[in-house]
Amino acid sequence: MRILAPAGFQARTAARKRIHWTPFLFLAPYLFLFVSLRLLPSLIGLTISFTNWSAVGVPQWVGLANYQALFIDPRFRDALTNTVIFTAMAVPALVGLGLAFALFLNQPHQGRGLGRVAVFTPYVIMPTVVGVLWTWILEKDFGLLNVLLGRQIPWLVSPSWAMLGLVLAAVWSMVGYNTVLFLAGLQDIPAELYEAARIDGAGAWRSFWSLTLPLLAPTAFLVLMLTIINTFQVFDLVYVMTSGGPGTSTLTMVQYVYTTAFQFFKFGYGSAVAMVMFVILVIVALIQTRAYRRGLESIY
Amino acid sequence: MRRRNAITATLWYAVLAGIVVVMMAPVAWMISTAFKPELQILTTQIRWIPDPPTLEHFQTVLSRHAIWRWLVNSVVVATAATLLVLLLDSLAGYALARMEFFGRDALFAVILSMLFVPLQITVIPLFLIFANLGLVDTYAALILPVGANVTGVFLMRQFFLSIPGELEDAARVDGANDWQIWARVVLPLARPALLAVAIVTFLSAWNAFFWPLIATRSDAARPLAVGIAQFLTLRPGLAQTVQAYGPSMAAATIAALPPILFFFALQRHFIQGVSMTGLKG
């Protein structure tokens, strides 16, 4: 004991001396990549959006000109509208079905593991493959869906159906993710609460409305937020299935960023489109967080 | 009561069957089409089992496209990116969770704030950076940006916050330095968190499309996700879909089966990993 105590003390003081630089050595490799490939690019992106930078020539500072041009750009308006429509169609389906699947698969029956695997499998297939697969399923004359329906719906080749076709593929491929998140949320609710509710005479519906739903609110909030962010940035499926067409009927924001920046090499303008997306996402996140807080206050 | 239970159970199984069929039918249809002779593809007759099954579409795809190369590229990139993230994020996450230094919380806030910045904003500058370094169309261009991710650091930090400090104190009394504590005490405990980060990183690197589409120009580094996407765009005219679907589905099957089998083998870890990053990221 007499020997150990000073030794431990020494070790601790030594650690205190090193403390000034050891943390930074631990952080350095990550920070190097984070700063150079994430933080700086974000700031550069903001800066570029105020210039007329393209692949050739010297970039010039143009102030807000790119943003002003966006206002009267009909393709940008289409991209924004389409993205909002896609989000408005896909989000309720993804969140609603995800919740329904999770509630269903949370029932204590054998075989729910199989259901969970089936629901999640599409999520592990890469989105571009999902796009190729669904282009075939939605084919007008011989696609599986039309054959089953006994109709010839022009899913991806008509402007009025193309968006719905994309939504179908997106919901199929991503609903498993939400289901898994909801299932995790459901399993976090302590079983004793249901036991207590049952003893107090609450039926299945009553405990669902008064226990499950309120306690699932944090999960639902998170799932809603993630789903909005993900669907708002839809790109892979659009790129493969419609390339934004027919016409501009499925042109989305990210697709527009891609075309302006990497097909027409208007880096400044493309960055401005991306910045608008960022601002919209932040606003949505802020509104949701406020609504969520207010909702929580009204529950408790 | 018992009869009512039996009825609900039967109903439950009927719905389960419905869900399984709807979710798995597209996958089954993909595999089925891939093995079908040409004449059985473009027909309004639904036939699930090809008769006779054929490998011609696989031969077509493999002879015309560098699909093995894309597969190798995807495996190399996703594996390297995962190892990189595991190393960097477990180091950084440990420092952020367990060490005290000036500006730690501010630094963590800056890292977290990048979660809200969509990747599309960074993609244009990233392209310019890698073009200037002459690294476009290389593995480095695909791997390094994954190392700048936020979720991995966040998850590792959360995990390290949850382990009791006495273990580290004991190791320190025994004379271990910070590096030894990290490598011998903390990392072995972090296996569940490391596995979750590994699965999620691998899956997202494997599926990544937007950046790889921009950062690759040839088959040398092109990953599967990008290669497959060009299948439909490369087909000769929209009208001539006659020849496209067999080979497309063969390619889709080649690309989809490895992750599906991987998922079947590791399902519990997969689902845990994904729900962890979702709920806490």
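Each chain gets a letter, A, B and so on, in the order its sequence line appears, and its residues count up from 1.
- Taking the ring centroids of Y239(A) and F209(B), they lie under the 6.0 Å cut-off.
- Annotation: F120(A) is in aromatic contact with Y123(A) [ring centroid separation under 6.0 Å].
- Between chain B and the options L43(A), L39(A), V175(A), D141(A), heavy-atom pairs under 4.5 Å are most frequent for L39(A).
- Residues passing the side-chain contact (heavy atoms from CB on, under 4.5 Å) test with V21(B): none are found, sequence neighbours excluded.
- When heavy atoms are compared at a cutoff of 4.5 Å, L128(B) approaches chain A solely by way of its side chain, counted from C-beta outward.
- Of the two parts of L144(A), the backbone and the side chain both hold a non-hydrogen atom closer than 4.5 Å to a non-hydrogen atom of chain B.
- Heavy atoms closer than 4.5 Å to chain A are found nowhere in F262(B), neither backbone nor side chain.
- Nearest approach of L133(A) to P26(B), heavy atoms of both residues: CD1-O, 3.5 Å.
- Within the 4.5 angstrom heavy-atom criterion, no atom of V273(A) approaches chain B.
- Within the 3.5 Å criterion, the main-chain N or O of M114(B) finds a donor-acceptor partner in the side chain of R38(A).
- In this structure, the portions of T44(B) lying under 4.5 Å from any heavy atom of chain A include both its backbone and its side chain.
- For chain B, no part of F32(A) is nearby; none of its heavy atoms comes within less than 4.5 Å.
- Counted by atom type alone, N149(B) and D89(B) present one or more donor-acceptor pairs between their side chains at under 3.5 Å.
- For a residue to count as touching a neighbouring chain, one of its non-hydrogen atoms must lie under 4.5 Å from one of that chain's; by this rule L87(B) does not touch chain A.
- The choice from V20(B), T43(B), V27(B), L84(B) that makes the most heavy-atom pairs within less than 4.5 Å of chain A is T43(B).
- With respect to chain A, the highest number of heavy-atom pairs below 4.5 Å among A252(B), P118(B), A95(B) belongs to P118(B).
- Both the backbone and the side chain of V150(B) come within contact range of chain A, with heavy atoms under 4.5 Å apart.
- Interface remark: I121(B) contributes backbone and side-chain atoms alike to the contact with chain A (heavy atom separation under 4.5 Å).
- Only the side chain of A285(A) comes within contact range of chain B, with at least one heavy atom under 4.5 Å from a heavy atom of that chain.
- In this structure, R157(B) forms no cation-pi arrangement with Y94(B), as its terminal cationic atom is not both closer than 6.0 Å to the ring centre and no more than 45° off the ring axis.
- Interface remark: P29(A) contributes backbone and side-chain atoms alike to the contact with chain B (heavy atom separation under 4.5 Å).
- In this structure, chain A has heavy atoms under 4.5 Å from both the backbone and the side chain of Q120(B).
- Only the side chain of F235(A) comes within contact range of chain B, with at least one heavy atom under 4.5 Å from a heavy atom of that chain.
- Contacts with chain A were tallied for A225(B), G147(B), A208(B); A225(B) has the most, counting heavy-atom pairs under 4.5 Å.
- Your options are V130(A), I125(A), L40(A), V117(A), and the one with the most heavy-atom pairs under 4.5 Å with chain B is V117(A).
- The residue among V22(B), L213(B), D174(B) with the most heavy atom pairs within less than 4.5 Å of chain A is L213(B).
- Of the atoms belonging to S36(A), it is backbone heavy atoms, and not side-chain ones, that fall under 4.5 Å from chain B.
- The distance between the ring centers of W211(B) and F130(B) falls below 6.0 angstrom.
- Applying the side-chain contact (heavy atoms from CB on, under 4.5 Å) criterion to T33(B), with sequence neighbours excluded, gives W136(A), W29(B), I41(B), M249(B).
- Taking chain A as the reference chain and counting heavy-atom pairs below 4.5 Å, the highest number among V85(B), V153(B), V226(B), L96(B) is found for V153(B).
- Both the backbone and the side chain of I111(B) have a heavy atom closer than 4.5 Å to some heavy atom of chain A.
- Only the side chain of I214(B) comes within contact range of chain A, with heavy atoms under 4.5 Å apart.
- Interface residue W182(B): only side-chain heavy atoms are found under 4.5 Å from chain A.
- Below 30°, between 30° and 60°, or above 60°: for Y269(A) and Y256(A) the angle between ring planes is above 60°, a perpendicular geometry.
- Of all non-hydrogen atoms in I129(B) and P41(A), the two that sit nearest each other are CD1-CG, 4.1 Å.
- Here F263(B) is the residue among W206(B), F264(B), F263(B) with the most heavy-atom pairs under 4.5 Å with chain A.
- Proximity to chain A (any heavy atom under 4.5 Å) is shown, for L16(B), by both the backbone and the side chain.
- Interface remark: I137(A) contributes side-chain atoms only to the contact with chain B (heavy atom separation under 4.5 Å).
- Aromatic ring centroids of F101(B) and W21(A) lie 6.0 Å or more apart.
- Heavy atoms of F262(A) lying under 4.5 Å from chain B belong exclusively to its side chain.
- Heavy-atom distances place no part of N146(A) under 4.5 Å from chain B, backbone and side chain included.
- Taking the six-membered ring where the residue is Trp, the centroids of W179(B) and F26(A) are separated by under 6.0 Å.
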